[in-house]
Amino acid sequence: MSIQMTHRAGPESNPTGSSTTFPEVAEPVLRRVQDTIIAWFEDTARDLPWRHPNTSAWAILVSEIMSQQTPVARVEPRWRAWMDKWPTPADLAAAPTADVLHAWDRLGYPRRALRLQEAAEVIAADLDNRVPETTEELERLPGIGSYTAAAVSSFAFGRKTTVLDTNVRRVLIRLFAGRERPTTSPGRKETAWAAALVPEDKHVEWNAGVMEFGALVCTARNPDCQACPLQDICTWNRLGRPASATKPKTQKWAGTDRQLRGAIMDALKAAHVAGDGRHGVRLDVFTAAVTDFDPALLDSLAESTAAAVARVRELSADQDRINRLISDLVDDGLAQQVDGRLALPNS
Ligand code: SF4
């Protein structure tokens, strides 16, 4: 699709961005933004291993799944280890699920690892071990949403797609609509608007460049407007950077169920490594009331497992809560409960 060209309503004529949620963008303004971001990306982009030439589509897909909600600095070492171990979808499909969860390490949201293995199984079994190219085919894989499909199709196969993650949305909304931040998730109208901003040529560089620009310059909390090469035409900057009426939800970690689920998973992983994994950890080491807890239970475990279990018990002494989280982990396929013991799946 070609860029919508208009001289009626761009940032110049619609400085508040209030009458048009997603304003049309004047062609000269759009061309300047495209050229600037693409040149900035070519000069400044981080040297991430999955951006190297000849990186396989599978390796790019893995990097995209790992990078969702996890900073790149934490992803990179895990991605390298993962690709050494499971260089193709068939390798991951054949791996024990417990090993997969273990290798996921502390990337968070470990259900992503399970979905990635399910996607690998489909690719290996049904697609001749080849990652599909189009967004439609990619979206049919388990755990692959529209963002990931567009990113893989663009970065691995050079297809023209609209990659719309939080970083991209924030940059476009600030530049052209004069708002501080986008809504929680993009609707059809925003997606069509963003699609019309993708250039016909260098669309891969545009997709990667806007993402990178949002990650490094136009960040959520501290955009570097002073150094920004687009400060003179950025609508939000020209308006004096008004704060959005709604504040973003900050995700707490300490004291949350996510933290406690992570601690239980850490105990199961420690048991897996220590060799207790085949039989798992007795459930009562997690769930016994503080008053009934027999410290000898910990002595029966390897030192690393005992330390991880002790951490769970430090975080919460609420038996109902721990029981609920254990059931959730089992329901999510992240753990299995057999004969009063808890272990990683398929240990
Ligand atoms: S001027 Fe500031 S808000 Fe506007 S694009 Fe640049 S960094 Fe983002």
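Note that ligands are numbered from 1 as they come in the structure, with each ligand's atoms numbered from 1 the same way.
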| request: Could you tell me how the ring of Trp82 sits relative to the ring of Trp104: parallel (under 30°), tilted (30 to 60°) or perpendicular (over 60°)? | output: perpendicular
| request: Report the relative orientation of the aromatic rings in Phe176 and Trp193; use parallel for angles under 30°, tilted for 30 to 60°, perpendicular for over 60°. | output: perpendicular
Atom indices of ligand 1 within 4.0 angstrom of [X] heavy atoms, with elements:
X      : result
Gln231 : 1 (S)
Cys234 : 1 (S), 3 (S), 4 (Fe), 5 (S)
Cys218 : 3 (S), 5 (S), 7 (S), 8 (Fe)
Cys228 : 1 (S), 5 (S), 6 (Fe), 7 (S)
Trp236 : 3 (S)
Arg174 : 3 (S)

| request: Taking Arg170 for its side chain and Cys218 for its backbone only, find out whether a donor-acceptor pair lies under 3.5 Å. | output: yes
| query | Within the stated cut-off of 2.8 Å, is an N/O/S atom of Cys225 closer than that to atom 8 (Fe) of ligand 1? | reply | no
| query | Within 45° of the axis and under 6.0 Å from the centre of the six-membered ring of Tyr109, does NZ or CZ of Arg258 qualify? | reply | yes
| message | I want to check a possible cation-pi pair here: Arg261 against Phe286, using under 6.0 Å from ring centre and within 45° of the ring axis as the test. | response | no
| field | Identity of the nearest option to atom 5 (S) of ligand 1, non-hydrogen atoms only, from Leu175, Thr219, Ile233, Asn222 | value | Leu175
| field | Leu230 CG to Arg174 CZ distance, which is reported to the nearest 0.5 Å | value | 13.0 Å
